[in-house]
Colleague: 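What follows is a single structure, and I will ask about it in a moment.
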Amino acid sequence: LFMLLTSFNTTDLRLEYSIIRKGEKIGKLLFTRRASGTEEHLQMRSEVKFSFLGQITAHAREDATFQNQILLRSSVFREINGRTKSDKKTERVGNQYRLLDDDDAKTLTSAGIQYNMLCVYFSEPLYRNSIYSDNYQRFLKVEKLAPHHYRIEMPNGDVNEYHYKNGICQRVEVNSFLYHSTIQLASL
């Protein structure tokens, strides 16, 4: 029974990150991963508060479900100061993905998405040269800069650099045209 409980616990993982801007903690990110059999569910929740031409409060939710290491569905919801900024869904239908962006629908042909932006926090993209962005609903290039150090450029020009230790993301340097921040692992 002990081995069964131990193996079950190892399939659940919770990561908490602090978001730091100009030396001040402005928010937090909470990631959870739950695996059961051939299914894996990843989730992210965030809350950010800072001043930039006025007070800004942002909340985000992201969810992804994989089965046999293939993305079945994902969603991204973001709001700023109570107003919806992004509401997107990706859903596998046959050998394609149906992409919903508010009321707009498109399709993406793929043999199966195996790694998305939520995965980047739980596992180092060792031999991957692309990653699926649920927010941008497209694949993005992953560039290895050094051992355990990767760079991903977003379509809007923002650049994130990811740093790993023992396969878990320890720190993300977020470089945007408007701001720079650091996402730092606070607890496992």
Side-chain angles (χ1 to χ4, degrees), residues 11-15 17 19 29-46 48 58-79 84-145 148-164 167-176 181 183 185:
T11 62
D12 291 354
L13 182 60
R14 176 186 161 113
L15 304 172
Y17 292 83
I19 303 170
L29 290 164
L30 177 63
F31 290 88
T32 56
R33 180 183 73 190
R34 289 194 172 89
S36 176
T38 61
E39 195 165 289
E40 183 176 47
H41 182 74
L42 306 178
Q43 182 180 77
M44 183 278 295
R45 300 292 183 259
S46 73
V48 179
H59 294 91
R61 301 189 306 263
E62 294 190 27
D63 293 279
T65 300
F66 290 82
Q67 188 164 37
N68 295 318
Q69 301 178 345
I70 300 294
L71 181 69
L72 293 181
R73 63 190 156 278
S74 67
S75 63
V76 174
F77 180 82
R78 295 181 182 165
E79 67 179 20
T84 300
K85 182 179 182 196
S86 181
D87 189 4
K88 300 180 182 186
K89 293 175 178 50
T90 299
E91 184 175 10
R92 187 160 175 84
V93 180
N95 288 333
Q96 296 183 335
Y97 285 91
R98 185 171 175 225
L99 311 176
L100 298 172
D101 183 355
D102 295 319
D103 294 327
D104 187 32
K106 297 181 273 186
T107 59
L108 170 72
T109 301
S110 173
I113 296 169
Q114 297 179 341
Y115 194 85
N116 72 351
M117 292 300 288
L118 290 177
C119 297
V120 81
Y121 289 87
F122 295 103
S123 65
E124 185 172 349
L126 289 169
Y127 304 104
R128 301 192 183 278
N129 44 0
S130 69
I131 181 172
Y132 180 70
S133 168
D134 308 271
N135 186 48
Y136 292 106
Q137 296 182 315
R138 66 174 79 165
F139 286 92
L140 304 178
K141 181 181 173 187
V142 176
E143 180 182 354
K144 186 172 184 175
L145 300 177
H148 316 295
H149 183 188
Y150 302 83
R151 177 183 191 273
I152 300 173
E153 184 172 345
M154 308 301 159
N156 67 356
D158 291 356
V159 174
N160 292 355
E161 290 189 22
Y162 298 83
H163 302 265
Y164 293 84
I168 301 290
C169 185
Q170 303 293 305
R171 186 177 81 247
V172 182
E173 301 295 329
V174 179
N175 298 296
S176 171
S181 62
I183 300 170
L185 181 64

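The basis for the numbers below is simple: all heavy atoms, side chains too, and nothing from hydrogens, waters or symmetry mates. Sequence positions, counted from 1, serve as the residue numbers for this chain.
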Colleague: So do the side chains of M44 and L30 get within less than 4.5 Å of each other, counting heavy atoms only?
Modeller: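 The answer is no, as the side chains (C-beta and beyond) never meet within the 4.5 Å cut-off.
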
Colleague: Between D104 and K88, is the closest basic N to carboxylate O distance under 4.0 Å?
Modeller: no

Colleague: From T107 OG1 over to N95 CG, what is the distance, rounded to the nearest 0.5 angstrom?
Modeller: 12.0 Å

Colleague: How close do F66 and I113 get, heavy atom to heavy atom, and via which atoms?
Modeller: CE2-O, 3.8 Å

Colleague: Between C169 and Y17, which heavy-atom pair has the shortest distance, and what is it?
Modeller: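 Scanning both residues completely, I find the closest heavy atoms to be O-OH, 2.7 Å.
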
Colleague: Can you say whether the rings of F31 and Y121 are parallel (under 30°), tilted (30 to 60°) or perpendicular (over 60°)?
Modeller: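 Rings of F31 and Y121: parallel, as their planes differ by under 30°.
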
Colleague: Give the minimum heavy-atom separation between Q96 and T109, together with the two atoms involved.
Modeller: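 Looking at all heavy atoms of both residues, the shortest contact is NE2-OG1, 3.5 Å.
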
Colleague: Please check this pair: side chain of Q137 against backbone of K89, looking for a donor-acceptor N/O pair closer than 3.5 Å.
Modeller: yes

Colleague: When rounded to the nearest 0.5 angstrom, what distance separates CG in N135 from CE in M154?
Modeller: 9.0 Å

Colleague: Between the side chains of Y150 and N160, is a donor N or O closer than 3.5 angstrom to an acceptor N or O?
Modeller: no

Colleague: As a test of understanding, state which of H149, H163, H148 forms a side chain to side chain donor-acceptor pair (under 3.5 Å) with E124.
Modeller: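 Of the listed options, the one satisfying the test is H148.
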
Colleague: Answer yes or no: are there more than 12 heavy-atom neighbours, outside N156 itself, under 6.0 Å from its atom CG?
Modeller: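 Count over threshold, so yes.
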
Colleague: State, without any angle test, whether Y132 and T90 hold a side-chain donor-acceptor pair at a distance under 3.5 Å.
Modeller: yes

Colleague: With a 4.5 Å cut-off on side-chain heavy atoms, are V120 and I131 touching?
Modeller: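 In contact.
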
Colleague: Any donor-acceptor pair under 3.5 Å linking the side chain of S133 with the backbone of Y136?
Modeller: yes

Colleague: Show your working on salt bridge (charged side-chain N to carboxylate O under 4.0 Å, His left out) between R34 and E40 and close with a plain yes or no.
Modeller: CA-CA 6 Å; R34 289 194 172 89; E40 183 176 47; over 6 Å; no

Colleague: Can you confirm whether L140 sits close enough to P155 that some side-chain heavy atom of one is under 4.5 Å from a side-chain heavy atom of the other?
Modeller: yes

Colleague: State, with a plain yes or no, whether a side-chain heavy atom of L13 is found less than 4.5 Å away from one of F122.
Modeller: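 A side-chain contact exists here, since the closest heavy-atom pair is under 4.5 Å.
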
Colleague: Between E153 and R151, is there a side-chain N and carboxylate O pair less than 4.0 Å apart?
Modeller: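 Yes, this pair counts.
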
Colleague: So, do L185 and L15 sit near enough that their side-chain heavy atoms are less than 4.5 Å apart?
Modeller: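 A side-chain contact exists here, since the closest heavy-atom pair is under 4.5 Å.
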
Colleague: Does this structure show an ion pair linking K85 with D87, if we count only N-O contacts that are shorter than 4.0 Å?
Modeller: no

Colleague: For S130 versus V142, what's the shortest heavy-atom pair and its separation?
Modeller: C-CG2, 3.9 Å

Colleague: Does a sphere of radius 6.0 Å around CD in Q69 hold more than 12 heavy atoms from other residues, nucleotides or ligands, not counting ones at 6.0 Å or beyond?
Modeller: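 Open.
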
Colleague: Side-chain contact, heavy-atom cut-off 4.5 Å: P125 with Y164?
Modeller: yes

Colleague: Run the numbers on R45 and D63 for salt bridge (charged side-chain N to carboxylate O under 4.0 Å, His left out), then give the verdict.
Modeller: CA-CA 9 Å; R45 300 292 183 259; D63 293 279; 3.4 Å; yes

Colleague: Supply the atom-to-atom distance K106 NZ to L99 CG, rounded to the nearest 0.5 angstrom.
Modeller: 6.5 Å

Colleague: Within the structure provided, determine whether T32 and L42 are in side-chain contact (heavy-atom separation under 4.5 Å).
Modeller: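 Heavy-atom side-chain distance check fails, nothing below 4.5 Å.
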
Colleague: If you measure from the Lys or Arg side-chain nitrogens to the Asp or Glu carboxylate oxygens, is any gap between R78 and E62 under 4.0 Å?
Modeller: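 Looking at E62 together with R78, the answer is yes, because their closest N to O distance falls below 4.0 Å.
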
Colleague: Could you give all pairs that pass the side chain to side chain donor-acceptor pair (under 3.5 Å) test and reach residues 110-120, with sequence neighbours left out?
Modeller: N116-D134

Colleague: Closest approach of A105 and L100, non-hydrogen atoms and distance?
Modeller: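 That closest heavy-atom pairing would be CB-CD2, 3.6 Å.
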
Colleague: Restricting to side chain to side chain donor-acceptor pair (under 3.5 Å), what partner residues turn up for T65, sequence neighbours left out?
Modeller: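 Counting only residues at least two positions away or on another chain, T65 forms a side chain to side chain donor-acceptor pair (under 3.5 Å) with H41.
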
Colleague: State whether R171 and E173 are salt-bridged, where the test is any N-O pair (Lys NZ or Arg NE/NH1/NH2 against Asp/Glu carboxylate O) under 4.0 Å.
Modeller: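 Salt bridge present between R171 and E173.
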
Colleague: Does a side-chain heavy-atom distance below 4.5 Å link I19 with L29?
Modeller: yes

Colleague: Could you work out, with side chain to side chain donor-acceptor pair (under 3.5 Å) as the rule, every residue matching N68, not counting sequence neighbours?
Modeller: none

Colleague: Can you name the closest pair of heavy atoms from G112 and R92 and give their distance?
Modeller: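 Smallest interatomic distance, heavy atoms only, reads CA-NH1, 3.6 Å.
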
